[in-house]
Amino acid sequence: MLGALLPLLAGCDARTGSDAQAAAQPPAPAYQIGPGDVLSVWVFHEPDLGVTDVPVRPDGRISVPLIPDIQAAGKSPTQLASDISTKLKEYVRDPTVSVIVRTFIGPYDQQIRVIGEAVQPVAIPYRDRMTLLDVMIATKGLTRFAAGNRAVIVRRGADGQQHSIPARLDDLLDDGDIADNVAMAPGDTLIIPQSWF
């Protein structure tokens, strides 16, 4: 009987171990608002104080009713809501404020830039566990002139220096070689050169 129970217990331990691994992963950091993001601000029971689709200006600030200028960039939506609530206390008793990010771009140091021979060169916001394949999907792939296997990811290291990481895009996209699916990091720049004729 004990022999029959051991495989069951081993299976339970394996599931517990994978659950422990999932629980051990650090939570994703809170999203930081950046210039170019579009926000909606809602004030409970005060519809005249709310705004929809307010862009974050290049200086990182927004304007809402009764508050002509408030810093938004670099804050989470919850932090910004708290700051707006604090400023509104001069005019409203116990304001309850919510901030919703409608369009995500993020701060510059959290973006991934793609330049060169992508169908749609673009800056996209970094997402937790983003990979090279995610970036290529967002940029709609390579142009017919791209030298995909000569692409590089330029990343600033902890030492402050820029490092180049080979990105074999042809192998990844055409051959399905998942070994070339490099993990991206906030602030990376993917450079896709043109092929030589």
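For reference, positions follow the sequence shown, starting with 1.
Partners of Arg113 under the salt bridge (Lys or Arg N to Asp or Glu O under 4.0 Å) rule, at least two apart in sequence or in another chain, do not exist in this structure. Residues meeting the ring pair (Phe, Tyr, Trp, His ring centres under 6.0 Å) test with Tyr108, sequence neighbours left out: none.
A heavy-atom distance below 4.5 Å is not found between the side chains of Ser40 and Val51. At a threshold of 4.5 Å between non-hydrogen side-chain atoms, the residues Val119 and Thr139 do not count as touching. Contact of the Ile165 side chain with the Val152 side chain is not registered, since no non-hydrogen atoms from C-beta on lie closer than 4.5 Å. Residues Lys87 and Val64 are not in side-chain contact: their nearest non-hydrogen atoms beyond the backbone lie 4.5 Å or more apart. The shortest side-chain heavy-atom distance between Leu172 and Leu133 falls under the 4.5 Å cut-off. A heavy-atom distance below 4.5 Å is found between the side chains of Arg127 and Asp134. Annotation: side chain of Thr78 is not in contact with side chain of Val99 (no heavy-atom distance under 4.5 Å).
Listed by first and then second residue, the salt bridge (Lys or Arg N to Asp or Glu O under 4.0 Å) pairs that reach into residues 166-187 are Arg168-Asp171, sequence neighbours excluded.
Val154 and Val114 fall into different hydrophobic clusters, where Ile, Leu, Val, Met, Phe, Trp and Tyr side chains are chained together by heavy-atom contacts under 4.5 Å. The cluster map of Ile, Leu, Val, Met, Phe, Trp and Tyr, joined by side-chain heavy atoms under 4.5 Å apart, puts Leu49 and Trp42 in different clusters. Both Leu173 and Leu190 are part of a single hydrophobic cluster, where members link through side-chain heavy atoms under 4.5 Å apart. Phe145 and Ile115 end up in different hydrophobic clusters when Ile, Leu, Val, Met, Phe, Trp and Tyr side chains are linked at under 4.5 Å. A chain of hydrophobic side-chain contacts below 4.5 Å, direct or via other Ile, Leu, Val, Met, Phe, Trp or Tyr residues, connects Ile192 to Val122.
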Q) Can you list the steps and then say if Asp69 with Arg57 is a salt bridge (charged side-chain N to carboxylate O under 4.0 Å, His left out)? A) CA-CA 10 Å; Asp69 263 343; Arg57 299 189 308 251; 2.6 Å; yes
Q) Stepwise, does the side-chain contact (heavy atoms from CB on, under 4.5 Å) test hold for Ile70 with Asp83? A) CA-CA 8 Å; Ile70 187 165; Asp83 291 352; 3.9 Å; yes
Q. How far apart are the C-alpha atoms of Thr96 and Asp94, what are their side-chain angles, what is the distance that settles it, and do they pass the side-chain contact (heavy atoms from CB on, under 4.5 Å) test?
A. CA-CA 6 Å; Thr96 302; Asp94 296 325; 6.0 Å; no
(Q) Apply side-chain contact (heavy atoms from CB on, under 4.5 Å) to residues Val135 and Met130 and explain how you reach the verdict. (A) CA-CA 8 Å; Val135 171; Met130 182 177 259; 4.0 Å; yes
Q) Can Leu169 and Leu142 be said to form a side-chain contact (heavy atoms from CB on, under 4.5 Å), step by step? A) CA-CA 9 Å; Leu169 296 175; Leu142 302 172; 3.8 Å; yes
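Minimum interatomic distance between Ser85 and Pro95 (heavy atoms only, all atoms of both residues): OG-O, 3.0 Å. Of all heavy-atom pairs spanning Ile62 and Ala72, the tightest one is CG2-CB, 4.1 Å. The minimum heavy-atom distance between Thr143 and Ala118, with the atom names listed, is CG2-O, 3.6 Å. Considering all non-hydrogen atoms of both residues, Gln79 and Gly74 come closest at OE1-O, 4.3 Å. For the pair Pro125 and Phe104, the tightest heavy-atom approach, listed with the atom from each and the gap, is CG-O, 3.6 Å. Closest approach of Leu132 and Ala167 over heavy atoms only: CD2-CB, 3.8 Å.
Atom CD1 of Ile33 is separated from atom OG of Ser76 by 7.0 Å, given to the nearest 0.5 angstrom. With rounding to the nearest 0.5 angstrom, the CD atom of Glu117 is 4.5 Å from the CD atom of Gln194. Taking CD1 of Ile84 as the reference point, atom OG of Ser98 lies at 10.0 Å (rounded to 0.5 Å). For the atom pair OH of Tyr91 and CD1 of Ile67, the computed distance is 7.5 Å after rounding to the nearest 0.5 Å.
Judged purely by atom type and a 3.5 angstrom limit, Asp188 has no side-chain atom pairing as donor or acceptor with the backbone of Ile112. Side-chain atoms of Lys75 come within 3.5 Å of backbone atoms of Gln71 as a donor-acceptor pair (strictly under, hydrogens ignored). Counting only distance, with no hydrogens or angles, the side chain of Thr86 and the backbone of Ser82 share a donor-acceptor pair below 3.5 Å. Proximity of a side-chain donor or acceptor of Ser63 to a complementary backbone N or O of Pro68 within less than 3.5 Å is detected.
Within 6.0 Å of CZ on Arg155 lie more than 12 heavy atoms contributed by other residues, nucleotides or ligands.
A donor-acceptor pair shorter than 3.5 Å can be found between the side chains of Tyr31 and Asp37.
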